[in-house]
2 protein chains.
Amino acid sequence: MQESLKSFHSYLTHNNLKLTKQRMLIFKVFMSGQDEMSPEDLLNIVQDVDEGISRSTIYRTLKHLHSAGIARCIHRGDGTTYYEPMGDQSCRMICERCGRTIPIKNPYFECIQKETARQQGFTLFRYQCVIHGLCSACIEQEYTAPPGTTTHSKQRRPA
Amino acid sequence: MQESLKSFHSYLTHNNLKLTKQRMLIFKVFMSGQDEMSPEDLLNIVQDVDEGISRSTIYRTLKHLHSAGIARCIHRGDGTTYYEPMGDQSCRMICERCGRTIPIKNPYFECIQKETARQQGFTLFRYQCVIHGLCSACIEQEYTAPPGTTTHSKQRRPA
DNA sequence: CTCAGTGCAAATGATTTGCACCAGC
DNA sequence: GCTGGTGCAAATCATTTGCACTGAG
């Protein structure tokens, strides 16, 4: 958190941006979140503290957090976007149908990613690896019903 | 193509769906495309053949192609969605900033993915692996200018 | 004191949907 | 002929933007 705050501050300074109380609050709330969250989620929590903060400011600030390398951003298949603090698990599997997320722990995976990136001349300053597939529950249903027809599909954030 | 057509037909049959001339045309155009394409791209090509086909039908059909396991779908960071036929390279790196795409060829990579998926109880019927990062060109600019300020950023489909 | 930041409301752009007519099986 | 398919226009939903005012450096 201290480290990230430093990055944020440095980013702002280098880009002629100001550290407003809104940005500070959003930063703090974002960093203390355990899970990935949508701009809307973040807005709700932030507004519990300061009623006046607008959705636009959330969006604008999230972009800065992302540019500063503090936030990772996750585009779900259903058009929603989630953000989470950088640092922890950066690889995951996502079921294309139900949205279930499973973090990947295989240590070889990371090494190979980095090495592959290097080989391709792709400097991996920060990264995120996502394997899109179908989870077992969804596979069972794949040829049983068209998408959107089942209770299992379309759920966004399974518990 | 023959194989895919069979899958498509089987999918339709199993789901009580009909093989209309619109679906057939969209299927053919989609399968003969070399590159990934957006619904809009597809619409344009399809309309060169049949003026009357609507955007809605393109979207509806693409969903079916995806459900049938024929189309892979790629969500870009800028909110656009692209589709491409399944089969060829399934791993790639994408620059989060400029959208540049680099296919990954490392053979170990695929093996590890499959194995990891298996270990996590994630049956990988079909998959797609994406590493999001920053390409070297964008890294140079990362602390030089905020996002959206440079000519390099925001480009969607670099040549 | 100046330039960037903010809230608000309106704009945008991708995707979806309701509906009345049309066409596979 | 019944059921699902289609085009169209209107609706949605996430995200962005123009603008006049406010506040950080």
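Every chain is numbered from 1 and lettered A, B, ... according to where its sequence line falls, protein lines coming before strand lines.
For DNA chain D, the neighbouring residues in residues 22-29 of chain B, judged by any heavy atom under 4.0 Å, are B/Gln22, B/Arg23. The stretch residues 48-56 of chain A touches DNA chain C through A/Gly52, A/Ile53, A/Ser54, A/Ser56, each having a heavy atom within less than 4.0 Å of the strand.
Considering only residues two or more places apart in sequence or on other chains, A/Gln47 meets the side chain to side chain donor-acceptor pair (under 3.5 Å) condition with none of them. In this structure B/Thr57 satisfies the side chain to side chain donor-acceptor pair (under 3.5 Å) test together with B/Ser54, sequence neighbours excluded. Applying the side chain to side chain donor-acceptor pair (under 3.5 Å) rule to A/Arg60 yields no partners; only residues at least two apart in sequence or on another chain are considered. With sequence neighbours excluded, the residues satisfying ring-ring contact (aromatic ring centres under 6.0 Å, His included) with A/Phe8 are A/Phe27.
Regarding A/Ile58, its CD1 atom lies at a distance of 14 Å from the C1' atom of D/dA14, rounded to whole Å. Residue B/Leu62 contributes atom CG, which lies 12 Å from atom P of D/dT6 at whole-angstrom precision. Between the CG atom of A/Asn15 and the P atom of D/dG25 there is a distance of 15 Å, rounded to whole Å. In this structure, the CG atom of A/Leu12 is 14 Å from the P atom of D/dA24, given to the nearest Å. Counting to the nearest Å, the C1' atom of D/dT15 and the CG atom of A/Leu43 are 13 Å from each other. If you take CG of A/Asp41 and P of D/dC13, they are 16 Å apart, rounded to a whole angstrom. Straight-line distance from the NE2 atom of B/His75 to the C1' atom of D/dA14: 14 Å, rounded to whole Å.
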Just list the side-chain donor-acceptor pairs under 3.5 Å for residues 16-23 of chain A, sequence neighbours left out, or say none.
residue	atom	partner	partner atom	Å
A/Thr20	OG1	A/Arg23	N	3.2
A/Arg23	NH1	A/Lys18	O	2.7

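A close approach under 4.0 Å does occur between a side-chain nitrogen or oxygen of B/Tyr59 and OP1 or OP2 of C/dT15. Put simply, B/Thr81 has a side-chain N or O that comes within less than 4.0 Å of OP1 or OP2 on C/dT15.
Comparing B/Gly79 and B/Leu19, the nucleotide of DNA chain C nearest to each residue sits closer to the 5' end for B/Gly79.
Relative to the side chain of B/Lys18, the nucleotides C/dC25, C/dT15, D/dT16 differ in distance, and C/dC25 lies closest. Side-chain proximity of B/Lys63 to the nucleotides D/dT15, D/dT16, C/dT16 is greatest for C/dT16.
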| request: Please test B/Tyr82 against B/Cys73 for side-chain contact (heavy atoms from CB on, under 4.5 Å), starting from the C-alpha separation and ending with a verdict. | output: CA-CA 6 Å; B/Tyr82 286 84; B/Cys73 112; over 6 Å; no

| task | Apply side-chain contact (heavy atoms from CB on, under 4.5 Å) to B/Glu36 and B/Ile74, showing your working. | result | CA-CA 9 Å; B/Glu36 49 187 66; B/Ile74 299 151; 3.6 Å; yes

| query | How far apart are the C-alpha atoms of B/Tyr11 and B/His64, what are their side-chain angles, what is the distance that settles it, and do they pass the side-chain hydrogen bond (donor to acceptor under 3.5 Å, both in side chains) test? | reply | CA-CA 8 Å; B/Tyr11 167 83; B/His64 287 309; 3.1 Å; yes

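Side-chain atoms of B/Arg60 stay outside donor-acceptor range of the base of D/dG4, with no qualifying N/O pair under 3.5 Å.
Side-chain contact between B/Thr80 and B/Ser38 is absent, with no heavy atoms from C-beta onward closer than 4.5 Å.
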